[in-house]
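The figures here come from the full heavy-atom set of this structure, side chains too, leaving out hydrogens, waters and symmetry mates.
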Amino acid sequence: MSKDEVAKILPQKFPFRFINTVENLDKENKEIVCEYYFDEESYFFEGHFPDKPIVPGVILVESMAQSGLILISKILDENTKVGYLAKITSSTFFNPVFPKNEITIKSKIIDQFGGFYTILSTVYISGRKIAKSKLVLSL
């Protein structure tokens with residue numbers, strides 16, 4: 001999926017959309033692979049941190065949640081108006097993400113109850129694990 005197609009699905013808009021493209025979507029296995037490039041001009045680098053900018057962990061969690069929202073939308077075959085991060089069951093950060101890094105986000109739906117979806121997501125840079133989270137999204 002192109003950047004324009006992603007923009008049509010996600011309710012988040014610039015500067016708070018953290019998915020550029022969808023590289024792979026497997027509806028049968030409920031898995032998705034997305035990518036995002038952190039431009040050095042991203043607004044949060046100015047304050048996090050001025051002398052050694054890194055992507056805040058909450059932004060990485062948001063990128064994982066957005067990948068899950070795209071996956072849910074495609075499985076339901078509808079554009080989701082709004083999705084909510086209902087719970088962060090766990091998050092672990094292994095390495096920092098810097099300006100000019102491109103991340104790959106792999107997400108999988110592991111459970112569904114009503115309008116709640118449990119998502120396992122992992123963030124990578126060039127195959128190296130950066131972060132992982134278990135999230136619950138609601139529609």
Side-chain angles (χ1 to χ4, degrees):
M1 272 187 204
S2 70
K3 193 171 188 173
D4 290 338
E5 291 171 304
V6 169
K8 289 177 186 175
I9 294 171
L10 283 178
Q12 294 89 341
K13 304 302 176 204
F14 179 84
F16 213 74
R17 183 174 49 239
F18 300 108
I19 301 294
N20 285 337
T21 59
V22 174
E23 300 302 312
N24 189 40
L25 174 65
D26 182 345
K27 286 184 178 183
E28 186 177 324
N29 291 309
K30 300 178 182 177
E31 296 176 336
I32 193 167
V33 178
C34 303
E35 290 189 347
Y36 186 76
Y37 176 77
F38 286 100
D39 186 282
E40 62 188 333
E41 300 300 318
S42 295
Y43 68 92
F44 44 79
F45 288 136
E46 186 176 330
H48 197 267
F49 297 95
D51 296 329
K52 187 171 171 106
I54 63 170
V55 175
V58 295
I59 299 294
L60 294 176
V61 171
E62 178 66 20
S63 69
M64 291 184 256
Q66 289 181 17
S67 74
L69 186 57
I70 293 171
L71 178 58
I72 294 164
S73 296
K74 296 310 275 181
I75 287 173
L76 296 176
D77 287 323
E78 60 186 51
N79 288 347
T80 302
K81 302 267 188 254
V82 178
Y84 299 100
L85 178 58
K87 182 178 181 178
I88 300 171
T89 303
S90 65
S91 283
T92 304
F93 303 93
F94 304 103
N95 293 289
V97 177
F98 299 105
K100 298 184 180 180
N101 281 166
E102 182 172 60
I103 61 171
T104 299
I105 307 124
K106 296 181 180 180
S107 298
K108 179 177 178 68
I109 297 172
I110 60 166
D111 195 19
Q112 182 205 352
F113 182 75
F116 292 88
Y117 297 81
T118 302
I119 310 288
L120 283 180
S121 290
T122 306
V123 175
Y124 300 90
I125 295 176
S126 300
R128 185 180 70 184
K129 188 186 299 185
I130 299 300
K132 68 177 181 178
S133 292
K134 185 176 182 182
L135 309 171
V136 178
L137 305 177
S138 69
L139 300 182

Original post:
Do Val55 and Tyr43 sit in the same hydrophobic cluster, where Ile, Leu, Val, Met, Phe, Trp and Tyr count as joined when their side-chain heavy atoms come under 4.5 Å apart?
Top reply: yes
Subject >> Validation row: Ile70, Gln66 side chains within 4.5 angstrom (heavy atoms) >> reply: no
Original post:
Going from CD1 on Ile32 to CG on Asn24, what distance comes out if it is rounded to the nearest 0.5 angstrom?
Top reply: 8.5 Å
Subject >> salt bridge (Lys or Arg N to Asp or Glu O under 4.0 Å) contacts in which one or both residues fall within residues 27-37, not counting sequence neighbours >> reply: Lys27-Asp77, Glu31-Lys108
Original post:
When clusters are formed by joining ILVMFWY residues with side-chain heavy atoms under 4.5 Å apart, either directly or through shared neighbours, do Ile75 and Phe116 land in the same one?
Top reply: no
Subject >> Gap separating the NZ atom of Lys132 from the CG atom of Leu60, nearest 0.5 angstrom >> reply: 15.0 Å
Original post:
Has the side chain of His48 got a donor or acceptor atom that lies under 3.5 Å from a matching backbone atom of Pro53?
Top reply: no
Original post:
Atom CG of Leu76 and atom CG of Leu139: how far apart are they, to the nearest 0.5 Å?
Top reply: 6.5 Å
**OP:** Tell me whether Leu10 is reachable from Leu25 by hopping between hydrophobic residues (I, L, V, M, F, W, Y) whose side-chain heavy atoms are closer than 4.5 Å.
**Re:** yes
**OP:** Could you tell me whether the side chain of Ser42 and the main chain of Phe38 form a donor-acceptor pair under 3.5 Å?
**Re:** no
Please tabulate, one pair per line, all N/O donor-acceptor pairs under 3.5 Å involving side-chain atoms of residues 82-106, not counting sequence neighbours.
from	atom 1	to	atom 2	distance (Å)
Ser91	OG	Ser133	OG	2.6
Asn95	ND2	Lys129	O	3.2
Asn101	OD1	Phe98	N	2.8

Subject >> Over 12 non-hydrogen atoms of neighbours within 6.0 angstrom of CZ in Phe113 >> reply: no
Subject >> Residue pair Tyr124 / Thr122, side-chain heavy-atom distance below 4.5 Å >> reply: yes
Original post:
So, for Ile109 and Ile72, which heavy atoms are closest and what is the spacing to 0.1 Å?
Top reply: CD1-CG1, 3.9 Å
**OP:** Mark yes or no for whether Glu62, through its side chain, and Met64, through its backbone, hold a donor-acceptor pair below 3.5 Å.
**Re:** no
Original post:
How would you list, by chain and number, every residue that makes a salt bridge (Lys or Arg N to Asp or Glu O under 4.0 Å) with Lys52, sequence neighbours excluded?
Top reply: none
Subject >> Distance, nearest 0.5 Å, that separates CG of Leu135 from OG of Ser107 >> reply: 8.0 Å
Original post:
Between Phe16 and Phe18, is the gap from one ring center to the other below 6.0 Å?
Top reply: yes
**OP:** Indicate yes or no for a side-chain donor-acceptor contact from Glu5 to the backbone of Ser2 under 3.5 Å, with no hydrogens or angles considered.
**Re:** yes
**OP:** Could you grab the distance from atom CG of Leu71 to atom OH of Tyr117, nearest 0.5 Å is fine?
**Re:** 10.0 Å
**OP:** Please name the pair of heavy atoms, one in Ile119 and one in Ser121, separated by the smallest distance, quoted to 0.1 Å.
**Re:** CG2-OG, 3.5 Å
Original post:
Met1 versus Lys74: any side-chain heavy-atom pair under 4.5 Å?
Top reply: yes
**OP:** List the atom of Leu137, the atom of Gly68, and the distance in Å for their closest heavy-atom pair.
**Re:** CD1-C, 3.8 Å
Original post:
To the nearest 0.5 Å, how far apart are SG in Cys34 and CD1 in Ile19?
Top reply: 4.5 Å
